[in-house]
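Just so we're clear, the structure is a prediction, and the values are computed from it rather than from any experiment.
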Amino acid sequence: MDVAEVIIATDPKHRGVRRPRTYLVRMLRDIPGLTVTRIASGLPMGGDLEFADELTLGRALSGRRAMV
């Protein structure tokens, strides 16, 4: 199976999350044909993806943005 996209879904306001997110983007951005994106806002802070409703999760995924 080929991987075409990695979607990063970390809390942008949580302290200490920026470093791992930046590290992941740096490690993945040079892989040919791979897109690295982050989800759009809309999921509640501290919320678990398991409990997100379909509409909110769908909007967060459809509004994702490329990370450079």
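Once rounded to the nearest 0.5 Å, the distance linking CD1 of Ile7 with CE of Met67 reads 12.0 Å.
Looking at heavy atoms from C-beta onward, Arg21 lies out of side-chain contact with Arg38 at the 4.5 angstrom threshold. Contact of the Thr37 side chain with the Glu5 side chain is registered, since non-hydrogen atoms from C-beta on lie closer than 4.5 Å.
Contact record, Leu34 with Leu28: CD2-O, 3.8 Å, taken as the closest heavy-atom pair.
Looking at Arg26, its side chain never comes within 3.5 Å of a backbone N or O of Tyr23 through a donor-acceptor pair.
Taking hydrophobic clusters as Ile, Leu, Val, Met, Phe, Trp and Tyr residues chained together by side-chain heavy-atom distances below 4.5 Å, Val25 shares a cluster with Val3.
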